[in-house]
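Note sheet for the following structure.
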Amino acid sequence: MTREGAHPSPPSGALAAPEDFPLLAHEAAGDGGLVYLDSAATTQKPSCVLETLDAFYRTVNANPHRGAHRLGTAATEALEAARRDVARLVGADADEIAFTSGTTCALNQLAYGLAGLLHPGDEVAVSLLEHHSNLVPWLTVARIAGAKVRHIVPDRQGRIPDDEIDRVIGPRTRIVAVSHVSNVLGCIQPVERIVRAARGADALVVLDCAQSVAHLPVDLHVLGADFAAFSGHKMYGPMGVGALYARRGAAVALQPLLRGGGMVEAVFEQGFTFKGFPAGLEAGTPNAAGAIGMAAAARFLEGLGMEAVHAHGETLARRMAAGLAAIPSARLYGPGPGGAEERCGIVAFNVRGVGADLAAHALDRRNVAVRSGAHCAQPLVRHLGAEAVCRASAGVYTSERDVDRFLEAVEAARQDAASLMAAAML
Ligand code: PLP
């Protein structure tokens, strides 16, 4: 059904061949064409994922868990096989994974679904590194409950120090919600330490794994979190699908956010009972093609090996950080090139005297795609003393040659930005 397993060889320094990613092949990446360094926003998709999506709609398309006919059964089986594959990638069991439309949806489900545990005076601990999707839902439910959101503050490298964890997590903490990997700085957070502190305070732990799942070996049983969220599109899968992990035993604390077809056990004129996890959280027709595509992406990553994926990202991040540190007009944020910190293939920087958006435009003129702005993490970007930063984020298709072309573009960015400004004024 797909070409899984039949991949062309990657160029030197890449882990997967850009030609195996139709968009990158179309853009002639790796040969003076596009250098795509916006993988933290969304990754490009390998052929095996695209072919899986296509094959679902061409050969299986039916509503899962709703029909006794042959295609309905095939769709149900494909969806449940996808659940097993996605679970395996993160060290979970299939019945601990509910499909959602993405990380934001899963985190909202968690915040609203756990809101009943919050009472006046209670606290929700988050870090100052959080993506808005792991902050705004908690601010909302805490306000409704009369509870307070407290922030664990990272150091200049973006790492969370032990004493900060102990300062913020205490007897009033009910929920701790932190990201595994910062989407701005790429640093890996000390999740096991945070989980230990939360256990000591009898608090539940929610992990935002949107970035980590694509970059690191993630074993949710080993990490010990109660809940986790991640997105298909950031791990080489499709947009519009993601997963919510609930540790067996923790799911009972969750109230379903979306209610309707598929999640109910019995419905009466004046009431209803709903199914247990995960079906109880999957109201409505699921994005079955998306889930099956996400599972193809999980198998693709397993095929590469998550240790190798992590080593690849770390090597490229160190190359980017070292190169940026050597460019006088560049300012690097977060972990330095020689830092002992564990990190992923994500680097934040600015070009001195040039706004982040203009710098990103200047890089784009040289066919280097980076993202600029606050990256949905305004409190962190303010903490870094900036209004906006540029972010270069690598993928498995990124080569050392791509990084070198990126660094050349950064070096030329001041000059290029001045030319862009001059052209705009004509
Ligand atoms: N959390 C983190 C750390 C992210 O990087 C992102 C997306 O950039 C999200 C949450 C939100 O993910 P999505 O837009 O897929 O819902």
Side-chain angles (χ1 to χ4, degrees), residues 37-43 102-108 110-111 124-142 149-161 164-165 168 175-191 194 206-216 228-231 233-235 242 313 317 320-321 324 331-335 341-351 355-357 359-360 369-394:
L37 287 174
D38 198 16
S39 298
T42 199
T43 50
T103 305
T104 302
C105 174
L107 290 169
N108 273 275
L110 286 165
V124 177
V126 298
S127 88
L128 206 64
L129 290 141
E130 298 316 311
H131 187 283
H132 297 160
S133 292
N134 197 30
L135 175 58
V136 176
W138 301 112
L139 287 171
T140 308
V141 297
V149 171
R150 295 191 63 200
H151 294 269
I152 304 171
V153 181
D155 64 19
R156 301 296 293 176
Q157 306 297 311
R159 281 284 302 204
I160 293 177
E164 262 300 291
I165 297 172
V168 175
I175 297 166
V176 180
V178 289
S179 52
H180 191 186
V181 166
S182 160
N183 66 309
V184 180
L185 301 175
C187 43
I188 303 167
Q189 300 309 326
V191 170
I194 291 171
V206 172
L207 216 51
D208 176 352
C209 292
Q211 294 298 336
S212 58
V213 167
H215 285 281
L216 296 179
F230 51 103
S231 294
H233 72 100
K234 292 189 194 286
M235 47 166 274
M320 290 195 275
L324 289 168
R331 168 153 189 212
L332 175 67
Y333 297 92
E341 304 84 6
E342 272 205 273
R343 62 185 312 166
C344 297
I346 300 174
V347 170
F349 67 99
N350 264 328
V351 177
D357 286 347
V370 299
R371 184 171 165 194
S372 58
H375 309 278
C376 300
Q378 289 179 17
L380 171 64
V381 171
R382 269 197 298 275
H383 176 68
L384 295 173
E387 277 176 20
V389 296
C390 294
R391 176 187 71 186
S393 50

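Residue numbers run from 1 in the order of the sequence given.
In terms of heavy-atom proximity, Ser393 sits nearest to Ala40 at OG-N, 2.8 Å. Across every non-hydrogen atom of Cys344 and His215, the tightest pair is SG-CB, 3.6 Å. What you find for Ala356 and Ser372 is that their closest heavy atoms are O-CB, 3.4 Å. Closest approach of Arg343 to Ala317, counting heavy atoms only: NE-CB, 3.6 Å. Pairing each heavy atom of Ala177 with each of Trp138, the nearest pair is CB-NE1, 3.3 Å. Residues Leu37 and Ala394 come closest through the heavy atom pair CD2-CA, 4.0 Å.
At distances below 3.5 Å, at least one donor-acceptor pair connects side-chain atoms of Lys234 with backbone N or O atoms of Ala41. Judged purely by atom type and a 3.5 angstrom limit, Glu130 has no side-chain atom pairing as donor or acceptor with the backbone of Ala377. Although no hydrogens or angles enter the test, the distance criterion places a donor-acceptor pair under 3.5 Å between the side chain of Thr103 and the main chain of Ser231. Checked by atom type and distance alone, the side chain of Arg391 pairs as donor or acceptor with a backbone atom of Asn183 at under 3.5 Å. Listed for the Thr43 side chain is a donor-acceptor partner under 3.5 Å among the backbone atoms of His233.
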_Checking Glu164 against Asp155 for the side chain to side chain contact (heavy atoms under 4.5 Å, CB included) test, could you report, in this order, the C-alpha distance in whole Å, the side-chain angles of both residues, the deciding distance, and whether it holds?_
CA-CA 9 Å; Glu164 262 300 291; Asp155 64 19; over 6 Å; no
_Criterion side chain to side chain contact (heavy atoms under 4.5 Å, CB included) on Leu332 and Val347, from CA distance to verdict_ = CA-CA 8 Å; Leu332 175 67; Val347 170; 3.4 Å; yes
*Test side chain to side chain contact (heavy atoms under 4.5 Å, CB included) on Val178 and Val126 and set out the steps.*
CA-CA 5 Å; Val178 289; Val126 298; 5.7 Å; no
*Trace of the side chain to side chain contact (heavy atoms under 4.5 Å, CB included) decision for His151 with Val149*: CA-CA 7 Å; His151 294 269; Val149 171; 4.0 Å; yes
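Between Leu128 and Pro154 the shortest side-chain heavy-atom distance falls below 4.5 Å. Proximity of Val184 to Leu129: side-chain heavy atoms (C-beta onward) are nowhere separated by under 4.5 Å. Between Leu135 and Pro379 there is a side-chain heavy-atom pair separated by less than 4.5 Å. Under the 4.5 Å side-chain criterion, counting only non-hydrogen atoms from C-beta, Leu185 is in contact with Tyr333. Between Asn350 and Cys390, the closest side-chain pair of non-hydrogen atoms falls below 4.5 Å. Two residues are said to be in side-chain contact when any heavy atoms from C-beta on lie closer than 4.5 Å; His180 and Gln211 fail this criterion. Counting heavy atoms from C-beta on, the side chains of Gln378 and His132 come closer than 4.5 Å. Contact of the Glu387 side chain with the Val381 side chain is not registered, since no non-hydrogen atoms from C-beta on lie closer than 4.5 Å.
In this structure, CG in Leu110 is found 9.0 Å from CD1 in Ile175, a value given to the nearest 0.5 Å. Considering NE2 of His131 and NE2 of His375, their distance stands at 10.5 Å, rounded to 0.5 Å. Atom CD1 of Ile152 is separated from atom CD1 of Ile160 by 5.5 Å, given to the nearest 0.5 angstrom. For the atom pair OG1 (Thr104) and CG (Asn134), the distance works out to 9.5 Å, reported to the nearest 0.5 Å. Separating the CG atom in Leu216 from the SG atom in Cys209 is a distance of 9.0 Å, to the nearest 0.5 Å. We find the CE-OG distance between Met235 and Ser212 to be 11.0 Å, quoted to the nearest 0.5 Å.
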